[in-house]
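All heavy atoms count here, side chains included; hydrogens, waters and symmetry mates do not.
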Amino acid sequence: MDKLLKITLVLLLVSVCLHFYTIQQMGKMKMEFESYISMVTSGIESNLYDVQNRIYEWSEQDRWIQHIEFIADTVNSEPNKMIFTAAFSLKEVESNANIKLLYKSEENRHWQEAESEKKLDGIYEAIIYLTPSDTYMYKIVQDGTIIKSSEIGYIPSELYRHSPFYSYGSSYGYTKSTDTLFFEWTLSEEPALFSFLQYEKVMAHVYYKNSEIKEVPLNKMNQHGITEWYFSLEEKGVSKINVEVIYADGTSIEETIYDETYEHD
């Protein structure tokens, strides 16, 4: 009996040792596998980065338009006729070929043509006319023995559109027992190239549950070169607040910044 017990204990001890050894080896194998996967992944990412760099370099080398910028004529432009000089450089141009810049609004089917004037070798300028209500596309065409066209690009809308309605921050509190709303709201005005695209004034339209409507002008503040419009209110019975931005050219946009229907559901 004692001999059988000893054999059993020895077998149990060996089993426990084997179990711990197996766990240790599995942990080691797991660490080695994770290290291998990390090394392989790092190698793939490095190769992918190299491939992306080469593709970018090849695309840059093959790009016909090397550079383009749109320069605003802030002196002679009008609200519905903004004048820009499109200045661009081309990689290769056929001798005596006619270079044109074509542009159109996104909704229009027909391209407008702007003759380009050669300034230096491969550098051209063209005059275009835009309105703030549209979104514009452009392409450059070479008309010669070889007909060549660039890909279609977009003229940056921030150059000729009204400054967007951009809320910088807001906070509010509501006391249900007294139906009192405390509301603070700040609008950040993005800079505009043209004075007539800037904010002229900003008004809050406060709607009450008794059907009363009150207009409150927002306070204009300039801090560190940033223009902000500030509004605060603490009143009872407010159901909705709209903010209306009136631009210098007479255009206006209005958005809801508070509605009790959605705030207190």
Which is it for Tyr208 and Lys214 under the side-chain contact (heavy atoms from CB on, under 4.5 Å) test, yes or no, and what are the steps along the way? CA-CA 8 Å; Tyr208 296 85; Lys214 183 167 71 174; 3.2 Å; yes
With clusters defined by side-chain heavy atoms of hydrophobic residues (ILVMFWY) lying less than 4.5 Å apart, directly or transitively, does Tyr207 cluster with Trp185? no
Under 6.0 Å from the six-membered ring centre of Trp111 and within 45° of its axis: does the NZ or CZ of Lys104 meet both? yes
Going by atom types alone, do Arg161 and Thr135 pair a side-chain donor with an acceptor below 3.5 Å? yes
Residues Leu102, Gln112; criterion side-chain contact (heavy atoms from CB on, under 4.5 Å); working and verdict: CA-CA 5 Å; Leu102 306 181; Gln112 298 181 64; over 6 Å; no
Evaluate the ring planes of His162 and Tyr247, with Trp represented by its six-membered ring, and classify them as parallel (under 30°), tilted (30 to 60°) or perpendicular (over 60°). tilted
Relative to the ring of Phe194, is the ring of Phe196 parallel (under 30°), tilted (30 to 60°) or perpendicular (over 60°)? parallel
Show the nearest heavy-atom pair for residues Leu218 and Trp229, with the distance to one decimal. O-CE3, 3.7 Å
Return the minimal non-hydrogen interatomic distance between Ala126 and Ser116, and the atom names on each side. CB-OG, 3.8 Å
Minimum-distance pair of heavy atoms, taken over all atoms of Ile83 and Ser77: N-OG, 2.8 Å
Is any side-chain heavy atom of Leu187 closer than 4.5 Å to one of Tyr199? yes
Would you kindly confirm whether Ile127 and Tyr124 end up in one hydrophobic cluster when ILVMFWY residues are joined by side chain heavy atoms under 4.5 Å apart? yes
Say whether Phe88 and Trp64 are linked into one hydrophobic cluster, either directly or through other cluster members, by side-chain heavy-atom distances under 4.5 angstrom. yes
Shortest non-hydrogen contact between Gly144 and Ala97, atoms and distance: CA-CB, 4.2 Å
Exceeds 12 heavy-atom contacts within 6.0 angstrom, atom CD of Glu107: yes
Quick one: closest heavy-atom pair of Ala86 and Leu101, and the distance? CB-CD1, 3.7 Å
Between Ser232 and Glu184 (side chain of the first, backbone of the second, donor and acceptor by atom type, cut-off under 3.5 Å), is there such a pair? no
Do side-chain atoms of Tyr103 reach the backbone of Tyr129 as a donor and acceptor pair under 3.5 angstrom? yes
Which atom pair, heavy atoms only, marks the closest approach of Thr186 to Tyr230? OG1-CD1, 3.6 Å
Evaluate Lys220 against Thr227 for side-chain contact (heavy atoms from CB on, under 4.5 Å), listing each step before the verdict. CA-CA 7 Å; Lys220 184 177 181 180; Thr227 302; 3.7 Å; yes
side-chain contact (heavy atoms from CB on, under 4.5 Å), that's the test. Do Tyr138 and Tyr154 meet it? Break it down for me. CA-CA 6 Å; Tyr138 74 91; Tyr154 280 87; 5.8 Å; no
Within the structure provided, determine whether Ile140 and Lys100 are in side-chain contact (heavy-atom separation under 4.5 Å). no
Checking Asp179 now: which residues fulfil side chain to side chain donor-acceptor pair (under 3.5 Å) with it, not counting sequence neighbours? Tyr174, Lys209
Short side-chain to backbone donor-acceptor contact, Gln142 and Glu94, under 3.5 Å: yes
Do Leu197 and Met82 touch side chain to side chain, with heavy atoms closer than 4.5 Å? yes
Interatomic spacing from CD in Gln198 to CD in Glu190 - rounded to 0.5 Å: 12.0 Å
Ile257, Ile253: one ILVMFWY side-chain cluster at the under-4.5 Å cut-off? yes
Relative to each other, are the rings of Tyr136 and Tyr160 parallel, tilted or perpendicular (30° and 60° limits)? perpendicular
Check for me, please, whether Ile155 and Ile65 land in the same ILVMFWY cluster - side-chain distances under 4.5 Å, paths through other members count. yes
Distance-only donor-acceptor check, side chains Asp259 and Thr256, under 3.5 Å: no
